[in-house]
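Read the numbers this way: they start at 1 and go in the same order the structure lists the ligands and their atoms. Residues take their numbers from the sequence shown, with the count starting at 1.
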Amino acid sequence: MGTQEQHTRFSPTKAAISLDFAEHLKYSLDADEFHNTDITRYTALAYAIRDRIIHQWHKSRETQRETGSKRVYYLSLEFLMGRAMTNNIINLGLENEVKDAMADLGYAYEELAEVEPDAGLGNGGLGRLAACFLDSLATLDIPSYGYGIRYNYGIFKQQVRNGWQTEQPDNWLRHGNPWEIAREDIIFTVGFGGEVRTLRESGRDQYTWISADQVQGVAYDMPIVGYGGKTVNTLRLWSAKATDEFNFQEFNEGDYVEAVRSKILAENLSQVLYPNDTLYMGKELRLKQQYFFVACSLADIVRRFKRQETSWKELPKFAAIQLNDTHPSLAIPELMRILIDLEHLEWEEAWDITVRTMGYTNHTLMPEALEKWPLTMLESILPRHLQIIFEINHRFLQHAVSFFPLRPQAIERLSIVEEGPSKQIRMANLSIIGSHSTNGVAELHSRLLTERMFPEFSVVFPDRFNNKTNGITQRRWLLDANPLLASKISEAIGDGWITDYERIKDLEPFAEDANFRTDFLTIKQKAKEHAVEFIKKDCGLILRPDSMFDVQVKRIHEYKRQLLNALNIILLYQRIKEGRIQDFSPTTFIFGGKAAPGYVNAKLIIKLINNIAKVINDDSAVRELISVHFLPNYRVTMAERLIPATDLSEQISTAGFEASGTGNMKFMCNGALTIGTMDGATVEMAEEVGRQHMFIFGHSADEIERMRAQYDPYEWITRDPEIRKVMDLFLSGYFNVMEPHIFDPLRQSLLNEDRYFHFADLRSYADSHDEATFLYTNNKDAWAKKAILNIAASGKFSSDRTIMEYANDIWKTRRVPIDRDQSASSTLKAARKK
Ligand SMILES: *Cc1c(COP(=O)(O)O)cnc(C)c1O
């Protein structure tokens, strides 16, 4: 210990960080030489960093308030944040100082950073998008709040036992969370159930919702530090708390235990994230979660607006509310309720304000993923909101009828209420009707939204529909995740790309620079070695860093077609066994991703991949050429290690099903080549770089649609002898010898329907994959050239670009630059009693 001391240079910042770390260790955490663990050390460092954030946080709030600027409110049931520490340190520009400060005390900063659990408050792409957006909003100096739920348990921890996924609770708050501040003074009461009383008052019906149960929401704030450490915005997460006067009656009647039990029930609301990705679940607790966080967030927004002391019609000038999917769509009737029942506005004015304030982002092309709530459930939990929804629907349909005279089916599809034996409330319809903007998340998705999903709406509201192609933050996914590549890029073209990602196109000429290509390959090799080390520590698997890394990491879903990848691996296995393979450099097939716990086929896909892996990895003749690994517990931190190490990125969803994808973009900017279908934003990636620099295969979305009616998987299988043999082997039970029939459900859905067209695309996939392997094996230099061209063409896929488009087209918000103020002289002033 302390041996590194002489190597670090003196800097006042470094010295201050060392001292603050030591003081937090001692005074905040009461750690000494006996009670001092990696957790206390990590926490002390987090506090020392947090101290350097708070001042700019105050200043950002103050400036945004004083300038009376419009704020963006991003409402999302998911924020897949990952770790905060490294990201915050880099955005503050304190990386060297922190490293040196820790080294002076004998610690490796990188090891302390490994202690932090991921904030896994999301499932996949939708939640990670929200996290990337917060980074861009802060870096672009746009006043904004993220609003969500502070789940006590985030996305489950995945373990693999005998090839099967098992789920463990993710108790991420066990050791506390140094990045959050509890705001006990920011607390709202949310009602559920009860009844609506109507009172006729001066010729107008006045409605009062008398709720039966109440829960409180307490704000927990996390700072969102923009790059350069100037703007610090807020992620405000609500935690459910029983009201202080909980079940007063039961209490007095002496049933103390029953009273405490209902207190615990109330606090269930923010216990756990629902682990379904792109599949809705009609669970009552989920609906309550949605209303809970919407009600708290709107109460907070309204409270802030009222400080402006201006009239309600000005609300859209001060607030833009963006709904991340329909999960927060109760914001529409809730704002109407506030304006009409509590603020006594007329319907027309309230509606105009609501529509001008709200924007809705759609995330799916699958009808079964659209949220619908049973009318009876809404009626019993939110009776007043249901009334308002009926009134919205009634008025809307009166307007819409004129567009579709004599077409009752069109009106039926437009209605918020789905008729049938049990009526349902369609939240997407409500969202489109109640907001001034509905956007898809890639060009293809936005086109299909108006053509397939909501054709009637696009007739009624042609100007409301627009596209905002997703993006990712290059700060976390390139600068933080791949420091060697990042500094190589900066060395070549300067570091402007960090905040102006369009500049990345200046890298294009370096594809022709032989030295740069060599350096690129060296950096890729180092990234692989780092990833191999991480994987060994994280899950005990040993990977070969001298092989091609072929990676498919994302939620496990039939439409994402991990099965297509698995079938191609079986095909390669047969070729190897039959000695039919040549020009093949060793390939490591890497899979990762969680299956929703109730999604039987997705869990079976994991089991199949693991069984194939076992057969292949246990066969010494085969494993020299291919090996297969399923990495348990895929999450942001694993993605940050794995993506820089990837050679070939698998983006192979059935065309017309992946709304955008953002994983595809992370791989592109880290110099992986993509094998993929023309789906989601991959279409636009091909447009940017040129399809000749990707491995594009398969049927297009339109071709798939045209094929649907006569598609017969059996025809495609029998037509191609090699594919037939693949299926023969799989169906023979070769990969489940000791486990008969376990894959029957997969076999059935593949052979009977093949909803996702695996067999229509398997031949072109296999051929395309051969092409990739051939190039990688025979011409690494040409591979490197394409990879560099891909990085250079990734400029469009920064979430900074996406956010500027939302800001200009939907939110009409401006940047409010914040000075970085080093002095904290106002500290005493702020503390003085008023
Ligand atoms: C980016 C990301 C996703 C989304 O990946 P897709 O390939 O777009 O589905 C999911 N999970 C994590 C942890 C991510 O970082």
Quiz item: cation-pi between K528 and F549, 6.0 Å / 45°: yes
Can you confirm whether the side chains of N664 and Q651 place a donor and an acceptor under 3.5 Å from each other? no
Ranking R128, E650, R555, K666 by closest non-hydrogen atom to atom 15 (O) of ligand 1, top hit is K666
Heavy atoms of L507 and I791 approach each other most closely as CD2-CG2, 3.8 Å
Among non-hydrogen protein atoms, atom 11 (N) of ligand 1 lies closest to Y634 CE2, 3.7 Å
A student comparing K560, R635, R476 should find that the heavy atom closest to atom 13 (C) of ligand 1 comes from R635
request  = Check the side chains of Y501 and S794 for a donor-acceptor pair under 3.5 angstrom, ignoring hydrogens and angles.
outcome  = yes
When distances are taken from atom 7 (O) of ligand 1, the protein heavy atom at minimum range is K554 NZ, 2.7 Å
Mind checking whether F667 has a heavy atom under 4.0 Å from ligand 1?
no
(message) Whether the T438 and N362 side chains hold a donor-acceptor pair (N or O, under 3.5 Å, no angle test) is what I'd like checked.
(response) no
So the atoms of ligand 1 within less than 4.0 Å of a heavy atom of T662 turn out to be 1 (C), 4 (C), 8 (O)
Notebook entry, point to check: Do the numbers put K488 on top of the ring of F520, so that NZ or CZ is under 6.0 Å from the six-membered ring centre and no more than 45° off the axis?
Noted result: no
Here the atoms of ligand 1 under 4.0 Å from any heavy atom belonging to G661 are 8 (O)
